[in-house]
Each structure stands twice: as structure tokens, then as C-alpha cells.
*Asks:* 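I'd like to ask some things about the structure below.
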Protein chains: 2
Amino acid sequence: MAGINRVAAKEKFLRFLEQKNLRMTSQRQVIIDTVFSTDQHFTAEQLLDWARKQDQSVSRATVYRTLPLLTESGLVHEMDFGKDYKYYDPNYADSPNHNHLICQDCDRIVEFESDKIDKLQDEISQSLGFSLKAQQLRLTASCDELKRLGACKNKAC
Amino acid sequence: MAGINRVAAKEKFLRFLEQKNLRMTSQRQVIIDTVFSTDQHFTAEQLLDWARKQDQSVSRATVYRTLPLLTESGLVHEMDFGKDYKYYDPNYADSPNHNHLICQDCDRIVEFESDKIDKLQDEISQSLGFSLKAQQLRLTASCDELKRLGACKNKAC
DNA sequence: AGCTTTTTGATACTGAGACGCAAAAATCGT
DNA sequence: ACGATTTTTGCGTCTCAGTATCAAAAAGCT
Ligand SMILES: [Mn+2]
Ligand SMILES: [Mn+2]
Ligand SMILES: [Zn+2]
Ligand SMILES: [Zn+2]
């Protein structure tokens, strides 16, 4: 699941800022460049580290202030993986309904999509009298199957 | 979805403690009594408040120390609802696969089970080469349907 | 009753994230 | 181009959930 490309992301963010009467700054440039140079899920502190490699003047506060903007604009998605800090997902603009399987043995995160699950979730919400707005599905699993087949490409396996 | 009854819960916890060479104490009694006098999802701080109404000597530290024991014994389940503190679910012993729909309008939490979803999750894990160990599905929805029908029994609606 | 092990409450500490503020940067009106 | 206005920034401080420490208390063992 490759993320949205950097140019398109910047474009979209620019439109978002404009529409909210906010300004594009060099710090925000660096941050968005950093975010869309990976398709990994990342934390605020990780993003700070990476961004500072490109421009040491970027401050923690600005990172923490920019992330909600990126979230609101739909470019990243706030995730919880059960840790006590938030993760951010840069692949959300491209596939807003994708879900995650996390391997409990090697910590690998596998993204997947399923129309069947999407449909089922909608049906369930309807049958309970609600209309579905958002959704988060997290599968915790073990890669024992892959290992048994010798098909596990992960270093930890 | 009514939770496991208090007597059964105590019984199960007692066996768990025994098997781990831990002791049943008056504080742990109070805490488990408190937990299984509700079927609401609760936070550690809420539990502390409630428990202290029954016995003011119960300390924050003991509550925070007991919750992992209850979790490990399978009597409660650690949940995240997207807030920056943990929630605990006392209905987990009774229905270990239930999921949650959270209304974004009135904060109500609706529990539901779905064999279809369970099956689908297993199939997806298998097809990716994994075996499913645990699962967390959170639907965010709006009760507008219920409101339109005048069938919403919630005070906030 | 003595001795050992576990548990407790009080207190200090940690780490993610929010907040307040004065300086700096961007934008606007002329 | 320039001063006024608005927004943004970096720094420092603060908050708050959860953890670690430790001496005292409770439980269990013989
Ligand atoms: Mn993802
Ligand atoms: Mn529940
Ligand atoms: Zn694995
Ligand atoms: Zn509602």
C-alpha cells in the first residue's frame, strides 16, 4: 500500500491551509516532506527526529501542532496500536478504509482492505439504528503459518 | 450484554491468584466487587473513585496494580476508545469477541457480536499467512437514524 | 510467637502531549 | 518598499495517566 505521492500531498495540504486562512511555512514544508517520504506508521517523536535531520530548527511544539492539521485535512490518520502514544498513518489519503494486522511475534504491521468487512460494518451499524462514520479494525495475529511454510520474509522470523 | 456475575468473577479470580501464588486481600476484594457491580466500561481513576466509596483506604497504587491482574486473568479487557487513557471492559469474560459502536453525537457505547465478522477476520488472517490471536473493532457512528425514528432512548438525544 | 514473603499506601518520578508567551515570520494596505 | 496586523514559531512550563521505590503492614508458614 504505497502512500499518496509527496507532490499531491503538498498540493492537498496547500488547499487545506488556504481554505482555513492558514499559512504555508518552511517548517510545515519540512514536516510534510518528511511525512510523505515514508509509508510507515510513525509517532510524533519519530517525526520530530526525522524532520530535524532535514532542518534542526523544527521544534517539538510545531510538530505537535502540525499533526492535527494533517489529520484534519485527511492526509494522515490518527491510530492507536495499543501503546500509550499515538501513531500516524500516511497511507490514509490513498485508502481511507484500510485495516491493520499486527504480528505479535515480530511486530510487523500488514495493511489490508476488505469490501466484505466494509459492507458488514455498514449493515451492522444500520441494524443498530446508526449510520457509520468511521471505523478502526485491528487484528493481532501470529506469523506461525508463514514461518511453517518458510515464506516469512521478515528479518525477525 | 450483562457481565459475569460477581460470585463467579470472584471465584475465577481466586483460582487465578492461587495458581500464581498471590494472596486475596481485602483491597482486592473491594476492587473486584466494584468492577463486577457494573457492566460499564471504566477507567482506572473511575474505579478508584468507586472503590473508595466502599473503602476509603484503597489506594491509587493498588488499583493500578490490580488492573493488570484482572486483565491477565481474563476477567476484564483493556480497551482503547481513542482517548489518552485506558478503558477496562468487565463484559469480556462473558463474551470475549464482542465489539463496540461508539456514537459520536451522544457518546453512547453499544456492544455487539457478529459471527460473520469473526469468520471474516479469521479468513483474512489465514489468507495473509497469519493465525488470528485477538481482535479489536471500533465503529464510530451517528444515532441520526434512531433520532429520525424517535426511537432514541438516550437522554442526550 | 517468630520468621519469611507478599502487599500496601505514600511519594517521587516519567513521558506524551498541551499551553502561554514573547520573538520572528508572513501577509496586507498603502 | 514599509509599517501595521495577523499568524506562527521555539522555548519553557505544566498537566495528567501511569510506573517505580521503599518502608510499613498484612498474610502465611512452621
Ligand atoms: Mn496503515
Ligand atoms: Mn464491551
Ligand atoms: Zn511475525
Ligand atoms: Zn447518539
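Residue numbering restarts at 1 for every chain, and letters A, B, ... go by the order of the sequence lines.
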*Asks:* Side chains of B/Glu111 and B/Asn91: donor-acceptor distance under 3.5 Å anywhere?
*Replies:*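 The criterion, which ignores hydrogens and geometry beyond distance, is satisfied for B/Asn91 and B/Glu111.
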*Asks:* Under 3.5 Å, is there a donor-acceptor pair linking the side chains of A/Gln40 and A/Tyr87?
*Replies:*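 Per modelled atom types, A/Gln40 and A/Tyr87 side chains form no pair under 3.5 Å.
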*Asks:* Calculate the interatomic distance between A/Tyr87 atom OH and C/dA16 atom C1'; express it in whole Å.
*Replies:*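 In whole Å, C/dA16 C1' and A/Tyr87 OH are 13 Å from each other.
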*Asks:* Find the distance A/Leu17:CG to D/dT8:C1' and express it as a whole number of Å.
*Replies:*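 Between C1' of D/dT8 and CG of A/Leu17: 12 Å.
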*Asks:* I need a per-nucleotide contact map over nucleotides 21-29 of chain C, read 5' to 3'. Cutoff is protein heavy atoms under 4.0 Å; write B for the base, S for backbone only, - otherwise.
*Replies:* ----BBS--
*Asks:* How long is the line joining CG of A/Asp84 and P of D/dG18, in whole Å?
*Replies:*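 Atom-to-atom, A/Asp84 to D/dG18, this comes out as 9 Å.
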*Asks:* Whether the A/Asp89 and A/His98 side chains hold a donor-acceptor pair (N or O, under 3.5 Å, no angle test) is what I'd like checked.
*Replies:*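 Per modelled atom types, A/Asp89 and A/His98 side chains form a pair under 3.5 Å.
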*Asks:* When you check the side-chain N and O atoms of B/Ser59 and B/Thr62, is any donor under 3.5 Å from an acceptor?
*Replies:*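 Looking only at side-chain atoms, B/Thr62 and B/Ser59 do form a donor-acceptor pair, the distance falling under 3.5 Å.
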*Asks:* Return the nearest nucleotide to the side chain of B/Thr62; candidates are D/dG10, C/dG9, D/dA17.
*Replies:*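 Among the listed nucleotides, the one closest to the side chain of B/Thr62 is C/dG9.
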*Asks:* Please list, by residue number, the residues of residues 28-51 of chain B whose heavy atoms come closer than 4.0 Å to an atom of DNA chain C; answer none if no residue qualifies.
*Replies:*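 B/Arg28, in order of number.
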*Asks:* For B/Arg60 and D/dC16, give me the distance from atom CZ to atom C1', rounded to whole Å.
*Replies:*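 To the nearest whole Å, that distance equals 10 Å.
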*Asks:* Is A/Glu123 salt-bridged to B/Lys116, cutoff N-O under 4.0 Å?
*Replies:*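 Looking at B/Lys116 together with A/Glu123, the answer is no, because their closest N to O distance does not fall below 4.0 Å.
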*Asks:* To the nearest Å, how far apart are A/Lys83 NZ and C/dG15 C1'?
*Replies:*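 In whole Å, C/dG15 C1' and A/Lys83 NZ are 15 Å from each other.
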*Asks:* Before giving the answer on side-chain contact (heavy atoms from CB on, under 4.5 Å), spell out for A/His100 and A/Phe112 the whole-Å C-alpha distance, their side-chain angles and the decisive distance to 0.1 Å.
*Replies:* CA-CA 6 Å; A/His100 300 88; A/Phe112 65 90; 5.7 Å; no
*Asks:* Ignoring backbone atoms, test whether B/Tyr64 places a side-chain nitrogen or oxygen under 4.0 Å from the OP1 or OP2 oxygen of D/dG18.
*Replies:*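 True: B/Tyr64 side-chain N/O within range (under 4.0 Å) of D/dG18 OP1/OP2.
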*Asks:* Starting from P on C/dT8, measure out to CZ on B/Arg52 and report it in whole angstrom.
*Replies:*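 These atoms are roughly 14 Å apart.
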*Asks:* Using modelled atom types only, decide if a donor and an acceptor are shared between the side chain of A/Ser95 and the backbone of A/Tyr92 within a distance under 3.5 Å.
*Replies:*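 Judged by distance alone, no pair lies under 3.5 Å.
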*Asks:* Just checking, any donor-acceptor pair under 3.5 angstrom between side chains of B/Asn99 and B/Gln135?
*Replies:*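 Yes, a side-chain donor-acceptor pair sits under 3.5 Å.
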*Asks:* With a 4.0 Å cut-off on N to O distance, would you call A/Asp33 and A/Lys10 a salt bridge?
*Replies:*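 Answer for the salt bridge query: yes.
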*Asks:* Select from B/Ala61 and B/Asn21 the residue whose nearest nucleotide in DNA chain C is closer to the 5' end of that strand.
*Replies:*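 By nearest-heavy-atom nucleotide position, the 5'-most residue is B/Asn21.
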*Asks:* Round to a whole Å and report the spacing from CG of B/Leu67 to C1' of D/dA17.
*Replies:*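 Result: 12 Å.
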*Asks:* Find out if a path of hydrophobic residues (ILVMFWY) with successive side-chain heavy-atom gaps under 4.5 Å connects A/Leu67 to A/Leu69.
*Replies:*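 Yes, one cluster joins them.
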*Asks:* Looking at every non-hydrogen atom in both residues, tell me the closest pair between A/Cys143 and A/Asp105 and how far apart they are.
*Replies:*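 Result for this residue pair: N-OD2, 3.7 Å.
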*Asks:* If we fit an axis to the first five pairs and another to the last five of the helix from C/dA1-D/dT30 to C/dT30-D/dA1, what angle do they make, to the nearest 10°?
*Replies:*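 Both end axes considered, the difference amounts to 30°.
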*Asks:* Take atom CG of B/Asp55 and atom P of D/dA26, then tell me their distance rounded to the nearest Å.
*Replies:*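 It works out to 12 Å between those atoms.
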